[in-house]
There are 2 protein chains.
Amino acid sequence: MENKYLSIYNQISDQIKKGEMEPDTLLPSENELTTLYDTSRETIRKALNLLSQNGFIQKVRGKGSIVIDVNKFDFPVSGLVSFKELAQKIDNKVRTIVKEFSLVKPDEHVKQQLNLTSKDLVWKVVRVREISDEKIILDKDYLVKKYVPGLTEEICADSIYSYLENDLNLTISFAKKEIIVIEPTEEDRNLLDLEGFQNIVVIKNYVYFDDASLFQYTESRHRPDKFRFVDFARRNH
Amino acid sequence: MENKYLSIYNQISDQIKKGEMEPDTLLPSENELTTLYDTSRETIRKALNLLSQNGFIQKVRGKGSIVIDVNKFDFPVSGLVSFKELAQKIDNKVRTIVKEFSLVKPDEHVKQQLNLTSKDLVWKVVRVREISDEKIILDKDYLVKKYVPGLTEEICADSIYSYLENDLNLTISFAKKEIIVIEPTEEDRNLLDLEGFQNIVVIKNYVYFDDASLFQYTESRHRPDKFRFVDFARRNH
DNA sequence: AAGTGGTCTAGACCACCCT
DNA sequence: GGGTGGTCTAGACCACTTT
């Protein structure tokens, strides 16, 4: 059984997505919603806060909650998105090629990023992502072995994320992301179809488990013309 | 007088920043915190949720709230950051040059982005940002005139944001952001010190007022080597 | 079994917007 | 003044982790 506030969130967000709620109009007031959904006001507010955080409504003190036109833009693809999820949205001519799958001693950079001792070993996974027959993305993953001892090359060819979440039942909770643009290395030029491009976009990801242990460092290196990042920022006053 | 939950949030986040809370240890439990701060549990939870959202702690059901090592990385500069704020963080050799300040009929692209009628006029502001004597950033802003009739060139040379928020008392509430990498235009080459760079990073911003009206469209065009974007993503399950 | 965080309730007071 | 969302409370039950 789903949470009450999540269920309310889903019902209202569905209505907004489908256009059943007119953009720029007001939602029923919180008091009305309590009777509509037969619940308490705090529960309604939890659902509305989620809607606001995810860009469906805008709450205004003294007035009400305004429905935002979500279909005006294509929808935010913010936060953590695995390649597999992404690929399914774009089209189906996608392929993952595992270039390297090995157990290594972390070099200084990785060791520091993952906060490891010298004894810890890490999986190093290098994968090329091909979209419509072009090699667009180079993914380099470093995963702490003690957390995922049973990783295999087959899993990497599919999706590491779904293995961690569905098979191992580990939940990935949050990540720090950094985006920079640099000149491609020899390796980038060898493995990707870079054509004449002078720059690549590097997304560095620091991935944590639910219990706040940092277990994965990922570099995703994109050909610049195919890169696109969408974010829905909210301001904390 | 500050909110209770905000005040608690500030006290705890300060302690974490200063290292007075040991990273990887547990915060006092929510029940203990209610007596420590003499408040109700829901108020404590509001403060803790803020801490969690901003990457200070990680909450774990059945265990407690783990303090995250925030000093391990430089701190997230996520969300909306004005050039002025940013410049103050980096160094002081920064300058803003207003290249264009005019009232124009919006072209089709801008008109569509801002959801305007043909009668609406917009301010077009083009500014070059110079850091350490290099022209690094080209900012193009389009602001709906009816919302900010009194804009002047002097204001643009300083900070449009602080004018809107401090002088006009308008609050900018949230924005959708899109980052792409493209080839520079003639204009980019003319106005920026692009040296040999073949790409520029374009950040498109859609800025809203508190009442959910979209009033500004901004393109910030950065030389790739000086661009850096940091985000602290949380996953919604 | 005891302690933790997650959800939910019913009620209160406040700041703000509109008419 | 009546309606709106924002904050705060005291208490309840639940799911989960640890001992």
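Every chain is numbered from 1, with letters handed out A, B, ... down the list of sequences.
- One can place CG of A:Leu26 at 10 Å from P of D:dT4, the figure rounded to the nearest angstrom.
- With sequence neighbours excluded, no residue forms a salt bridge (charged side-chain N to carboxylate O under 4.0 Å, His left out) with A:Asp107.
- Taking atom NZ on B:Lys46 and atom C1' on C:dG5, their separation rounds to 18 Å, with Å as the unit.
- Here C:dT4 presents its C1' atom at 13 Å from CG of B:Leu27, a figure rounded to the nearest Å.
- Using a 4.0 Å cut-off, some side-chain N or O of B:Ser29 falls inside it from OP1 or OP2 of C:dT4.
- One atom, OH of A:Tyr9, and another, C1' of C:dT7, lie 18 Å apart when rounded to the nearest Å.
- If you check the side chains of A:Glu42 and A:Ser40, you find no donor sitting under 3.5 Å from an acceptor.
- The bend of the helix from C:dA1-D:dT18 to C:dC18-D:dG1, defined by the angle between the axes of its first five and last five pairs, stands at 10° to the nearest 10°.
- In plain terms, the two heavy atoms of B:Asp139 and B:Arg221 that are nearest each other are OD1-N, 4.4 Å.
- With sequence neighbours left out, A:Tyr9 forms a ring-ring contact (aromatic ring centres under 6.0 Å, His included) with no residue at all.
- Computed from coordinates, the B:Leu33 CG to D:dC8 P distance equals 15 Å when rounded to whole Å.
- Atom P of nucleotide C:dT4 and atom CG of B:Asn49 are separated by 17 Å, given to the nearest angstrom.
- Judged by the 6.0 Å distance and 45° axis criteria, B:Lys124 is not positioned over the aromatic ring of B:Tyr142.
- Residue pairs meeting the salt bridge (charged side-chain N to carboxylate O under 4.0 Å, His left out) criterion with at least one member in residues 32-41 of chain A, sequence neighbours excluded: A:Glu30-A:Arg41.
- The CD atom of B:Glu32 sits 17 Å away from the P atom of C:dA2 (whole-angstrom rounding).
- Side-chain contact check for A:Gln15 and A:Ser13: no donor-acceptor pair (N or O, by modelled atom type) lies under 3.5 Å.
- Scored by the salt bridge (charged side-chain N to carboxylate O under 4.0 Å, His left out) test, A:Lys146 finds A:Asp120 as partners (sequence neighbours excluded).
- Distance, B:Tyr5 OH to D:dG6 P: 9 Å, rounded to whole Å.
- For B:Arg127 and B:Thr96, the side-chain atoms include no donor-acceptor pair closer than 3.5 Å.
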**Prompt:** Tell me, for nucleotides 9-19 of chain D in 5' to 3' order, what letter each nucleotide earns: B for a base near a protein heavy atom under 4.0 Å, S for only sugar-phosphate near one, - for neither?
**Reply:** BB-B--SBSS-

